[in-house]
Amino acid sequence: MRDPLTVLTEAFTSFLFGKVETTRLPVRTSTGQAQAVYLPTAAPGLGDSGVIIGREVYSGKGYIYDPFQLYGQQLPAPHWLVLGESGNGKSALEKTYVLRQLRFRDRQVVVLDAQGEDGVGEWNLIAEELGITPIRLDPTAALDMGIRLNPLDPAITTTGQLALLRTIIEVAMGHGLDERSGFALKVAHAYVNETIVDRQPVLMDIVEQLRHPEPESAEAMNVAIDDVRAWGLDVALVLDRLVDGDLRGMFDGPTTVGIDLDAPLIVFDLSHIDRNSIAMPILMAIVGVWLEHTWIRPDRKKRIFLVEEAWHIINSPFVAQLFQRLLKFGRRLGLSFVAVVHHLSDVVDGAAAKEAAAILKMASTRTIYAQKADEARATGRVLGLPRWAVEIIPSLTPGIAVWDVNGNVQVVKHLITETERPLVFTDRAMTESSADMSDDALRAAELEAEERAAAFVEQHLSDLDDSSESTVA
């Protein structure tokens, strides 16, 4: 039975307004017109604090990414892996990312520049426009008082020095040191550190001690002095390559004075080193350990370590082990490691598959540019990408990539401003033809590029005074 009060209320309402009935009439329309009723949805973004990368392709939203802002909330680790074939935009992404990060006053960046262009590293233009001189490691120049990095630099701990020496030897030999060779190296290193106090010890000191070991070294293990000398012979021959071989001049003397480790951007130009030789992983090991002990400090600064041709690190078991420690240690001190690799198969099928898997696991951010279908499927299996992402990777156009930020997968178009454009493109030799231009037109183009670069640098430097950690770049 209905409530009397309800009946009375309905009667009174009908008396005042009349009986009102609403009838929803059927609507006939096309799907093209009705789509406005069902608004599109998009995956959630990564927040609004950090560096602008570009825009998300499907929704058109701005895409902002910063590992330091996301760490601990959406990211378990701040490290980043960038994959893709040449010519698809990896280099442009790295350069604009670094330039935009430098607008924060508490950022520092080190780049290992292994790519060459016009006789210099491809980061040379950016370094020059920012007023920074690249640290060019060149065996020929080193003979003429060029840049040197000393593996026995006192800034590196004794344990770090010995670990670095072992890594150099193991990379060069292609296998681990046996116990006897390791013992000969250890006692030679200990003797050099104990007896040379008036200057920096250098590699030649180690080589000489391996060739002429002290009797105390043999007595400590109750073996003959000739045995200790024989155990250290192969080690001495490998180190002699850094002293008097094809790598001479770069590591066989005290560290060059004047390297500015407080600069916002530090570029190690490795472009004069043969990328396919054993020298490259040795070089990266030395630079990595040297930076670990001289550059990374508990001073609240956020540091980015970007490595071109990073497969030289990940594909060597001995170098990879050093960098694993660096990544674990650096995470506590605000270090983001960025590894740039052309093909994942370069590392997962190599000699250091176990070490490569460990480093890839630390990279919570993965950016994948266009790859061939079979490579894309292999990449998807290793990285655990969703099926839809794997299927679109072969069809991606330059500048567009799949971004996987700890499971948040989106397709992002990288945007480059007009002021950044002359600083980031690295294919000028392939895309420009000076023969088709008059001298005046060529000079005008050069002046325009210089003016744009200068304006961009001026803007960045002025922003350094106004930016803060919470500012959106």
Side-chain angles (χ1 to χ4, degrees), residues 135 137-173 176-221 223-259 278-279 281-294 318-319 322:
I135 302 171
L137 292 171
D138 181 354
T140 304
L143 294 176
D144 189 25
M145 299 304 292
I147 298 295
R148 283 185 172 87
L149 296 178
N150 186 10
L152 301 178
D153 192 315
I156 303 175
T157 64
T158 302
T159 302
Q161 291 176 11
L162 184 58
L164 180 54
L165 290 172
R166 288 186 64 100
T167 299
I168 293 170
I169 296 163
E170 289 171 337
V171 170
M173 297 175 68
L177 281 180
D178 59 40
E179 293 299 326
R180 295 180 177 182
S181 297
F183 172 77
L185 175 64
K186 183 178 71 172
V187 296
H189 175 253
Y191 181 82
V192 167
N193 272 345
E194 290 172 2
T195 57
I196 299 178
V197 295
D198 57 339
R199 59 176 176 82
Q200 281 192 19
V202 295
L203 287 179
M204 180 55 78
D205 298 322
I206 301 290
V207 173
E208 286 300 315
Q209 187 58 29
L210 288 168
R211 290 171 174 167
H212 308 288
E214 296 298 315
E216 293 83 357
S217 301
E219 294 170 2
M221 294 298 291
V223 294
I225 190 70
D226 289 339
D227 289 338
V228 177
R229 184 181 297 109
W231 297 347
L233 180 59
D234 288 342
V235 176
L237 291 174
V238 172
L239 292 180
D240 185 66
R241 180 178 179 183
L242 301 180
V243 174
D244 196 29
D246 54 344
L247 295 179
R248 66 191 185 281
M250 293 187 292
F251 312 111
D252 57 348
T255 298
T256 301
V257 177
I259 296 177
I278 197 65
I282 291 176
L283 192 62
M284 289 189 170
I286 292 175
V287 172
V289 173
W290 187 77
L291 287 172
E292 176 187 351
H293 292 273
T294 59
F318 314 108
V319 182
L322 278 178

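- Remark: side-chain polar atoms of S181 are paired, donor with acceptor, to backbone N or O of W231 under 3.5 angstrom.
- Between I259 and T255, the closest heavy-atom pair is CD1-CG2, 4.4 Å.
- With N150 contributing its side chain and P201 its backbone, the two residues share a donor-acceptor pair below 3.5 Å.
- The distance from the OG1 atom of T159 to the NE2 atom of H293 is 8.5 Å, given to the nearest 0.5 Å.
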Exercise. Under the side-chain contact (heavy atoms from CB on, under 4.5 Å) criterion, do E292 and I156 qualify, and how do the steps go?
Worked result: CA-CA 8 Å; E292 176 187 351; I156 303 175; over 6 Å; no

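- No side-chain heavy atom of F318 sits under 4.5 Å from any side-chain heavy atom of I169.
- Side-chain N or O atoms of D205 include one that pairs as donor or acceptor with a backbone N or O of V202 at under 3.5 Å.
- Remark: side-chain polar atoms of E170 are paired, donor with acceptor, to backbone N or O of L177 under 3.5 angstrom.
- Looking at heavy atoms from C-beta onward, V287 lies out of side-chain contact with I135 at the 4.5 angstrom threshold.
- A donor-acceptor pair under 3.5 Å is absent between the side-chain atoms of Q200 and the main chain of G253, judged by distance alone.
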Exercise. Can you list the steps and then say if L152 with L165 is a side-chain contact (heavy atoms from CB on, under 4.5 Å)?
Worked result: CA-CA 9 Å; L152 301 178; L165 290 172; 4.0 Å; yes

For this session: Could you go through the side-chain contact (heavy atoms from CB on, under 4.5 Å) check for V228 and E214 one step at a time?
Result: CA-CA 9 Å; V228 177; E214 296 298 315; over 6 Å; no

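- Checking V187, I225, D226 one by one against P213, the side-chain contact (heavy atoms from CB on, under 4.5 Å) holds for a single residue, I225.
- Around the CZ atom of R229, the shell of radius 6.0 Å holds more than 12 heavy atoms that belong to other residues, nucleotides or ligands.
- Nearest heavy-atom pair across A188 and I206 is O-CD1, 4.1 Å.
- Put simply, the residue from L322, I168, L149 that forms a side-chain contact (heavy atoms from CB on, under 4.5 Å) with V289 is L322.
- Nearest heavy atom pair, residue A224 against residue A218, reads C-CB, 3.9 Å.
- With contacts defined as side-chain heavy-atom distances shorter than 4.5 Å, the pair L162/T158 does not qualify.
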Exercise. Step by step, would you call D240 with R211 a side-chain contact (heavy atoms from CB on, under 4.5 Å)?
Worked result: CA-CA 11 Å; D240 185 66; R211 290 171 174 167; 3.5 Å; yes

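- Across every non-hydrogen atom of V243 and D252, the tightest pair is O-OD2, 3.2 Å.
- Other residues, nucleotides and ligands contribute at most 12 non-hydrogen atoms within 6.0 Å of the CD atom of E179.
- Counting all heavy atoms, side chain and backbone alike, D153 lies closest to Q161 at O-NE2, 3.2 Å.
- In this structure, OG1 in T195 is found 7.0 Å from CD in Q209, a value given to the nearest 0.5 Å.
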